[in-house]
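A short write-up of the structure that comes next.
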Amino acid sequence: MSQEEDFVLLESSDGYTFVVTRRIAEASGTLKSMLDEEANFEEAKNKTCKIQQRGVILLKVIEYLAYKVQYAEFNAEDIKEDFSDRIDPYIALELLTAADFLEA
C-alpha cells in the first residue's frame, strides 16, 4: 500500500477516534511532523496521533484538511464553496486555536 493510501488514527481528548488517509492528515504541518517515519516519533510507529482537542473540534479540523486537499489544485477564484460557512460560531475560537496548533 502506498503512503497516500495509508490510513492513520486521530484520537481526541474525549475518546473519539477518526480514521483518515495519511494524505489528509499530512495536510497539517504538525501531524505531518508527528507521522514522519524518519523522525522516529511514537505516533509514526503506531500510526496514531492523540490530539488534545474535543472530538467535535477535531472532526471539523479533519473536515477542513479534506477540503484543503480536495481544492489544492484549484485557483481561489474557481472555488465556489466557502468553508467558513460550515463553521458553527459557538466553536469558532476553539477551532481557531486547534487549527493554529495543528498548522492546518
Side-chain angles (χ1 to χ4, degrees):
M1 186 180 310
S2 75
Q3 235 182 349
E4 278 193 9
E5 297 170 353
D6 199 12
F7 290 90
V8 298
L9 299 175
L10 302 180
E11 295 180 359
S12 68
S13 61
D14 55 355
Y16 290 95
T17 302
F18 302 94
V19 179
V20 298
T21 63
R22 179 179 289 272
R23 182 173 179 221
I24 289 174
E26 288 184 348
S28 156
T30 302
L31 293 177
K32 185 175 184 174
S33 296
M34 292 168 81
L35 294 168
D36 182 10
E37 292 174 1
E38 292 179 15
N40 219 15
F41 290 124
E42 192 66 29
E43 291 85 358
K45 293 177 188 173
N46 297 335
K47 296 182 183 177
T48 302
C49 297
K50 294 182 180 180
I51 310 299
Q52 294 301 313
Q53 296 290 335
R54 296 184 305 139
V56 67
I57 301 300
L58 184 54
L59 177 62
K60 193 56 76 171
V61 169
I62 293 167
E63 187 180 336
Y64 172 72
L65 293 174
Y67 175 90
K68 183 177 173 181
V69 168
Q70 178 182 357
Y71 290 109
E73 303 296 321
F74 287 76
N75 293 324
E77 303 84 35
D78 297 336
I79 300 173
K80 303 294 182 207
E81 180 182 12
D82 186 7
F83 189 81
S84 63
D85 294 338
R86 299 184 190 182
I87 298 173
D88 184 347
Y90 296 108
I91 64 168
L93 183 58
E94 194 175 357
L95 184 59
L96 182 62
T97 304
D100 181 52
F101 170 74
L102 293 171
E103 300 173 34

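The two atoms that bring A25 and V8 nearest to each other are CB-CG2, 3.7 Å, heavy atoms only. The minimum heavy-atom distance between I57 and A98, with the atom names listed, is CG2-CB, 3.6 Å. The minimum heavy-atom distance linking D14 with G55 is given by the pair OD1-N, 2.9 Å. For the pair L35 and E43, the tightest heavy-atom approach, listed with the atom from each and the gap, is CD2-O, 3.8 Å.
Contacts of E94 classified as side-chain hydrogen bond (donor to acceptor under 3.5 Å, both in side chains), with partners at least two apart in sequence or in another chain: R54. Taking N40 as the reference, K45 meet the side-chain contact (heavy atoms from CB on, under 4.5 Å) condition, with sequence neighbours excluded. For D36, the side-chain hydrogen bond (donor to acceptor under 3.5 Å, both in side chains) criterion is met by no residue, not counting sequence neighbours. Remark: E42 pairs with N46 by the side-chain hydrogen bond (donor to acceptor under 3.5 Å, both in side chains) rule, at least two apart or across chains. The side-chain contact (heavy atoms from CB on, under 4.5 Å) check on T97 picks up nothing, with sequence neighbours excluded. Among residues two or more places apart in sequence or in another chain, the side-chain contact (heavy atoms from CB on, under 4.5 Å) test is passed with L96 by none. Among residues two or more places apart in sequence or in another chain, the side-chain hydrogen bond (donor to acceptor under 3.5 Å, both in side chains) test is passed with K47 by D6. When the side-chain contact (heavy atoms from CB on, under 4.5 Å) test is applied to A27, the partners found at least two apart in sequence or on another chain are L65, K68, V69. Shown here are the ring-ring contact (aromatic ring centres under 6.0 Å, His included) partners of Y64, two or more places apart in sequence or in another chain: F83.
Here ring pair (Phe, Tyr, Trp, His ring centres under 6.0 Å) pairs that include residues 32-60, with residues two or more places apart or in two chains, number zero.
Here NZ of K50 is found 12.5 Å from CG of L10. Values are rounded to the nearest 0.5 Å. Taking CG of L102 as the reference point, atom SG of C49 lies at 9.0 Å (rounded to 0.5 Å).
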Pair Y16-L59, side-chain contact (heavy atoms from CB on, under 4.5 Å): steps then yes or no = CA-CA 9 Å; Y16 290 95; L59 177 62; over 6 Å; no
Output, in order, the C-alpha distance, side-chain angles, deciding distance and verdict of side-chain contact (heavy atoms from CB on, under 4.5 Å) for T30 and I51.
-> CA-CA 11 Å; T30 302; I51 310 299; over 6 Å; no
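With T48 contributing its side chain and E11 its backbone, the two residues share no donor-acceptor pair below 3.5 Å. Not a single donor-acceptor pair under 3.5 Å links the side chain of T21 to the backbone N or O of F7.
At least one side-chain heavy atom of Q52 sits under 4.5 Å from a side-chain heavy atom of S13.
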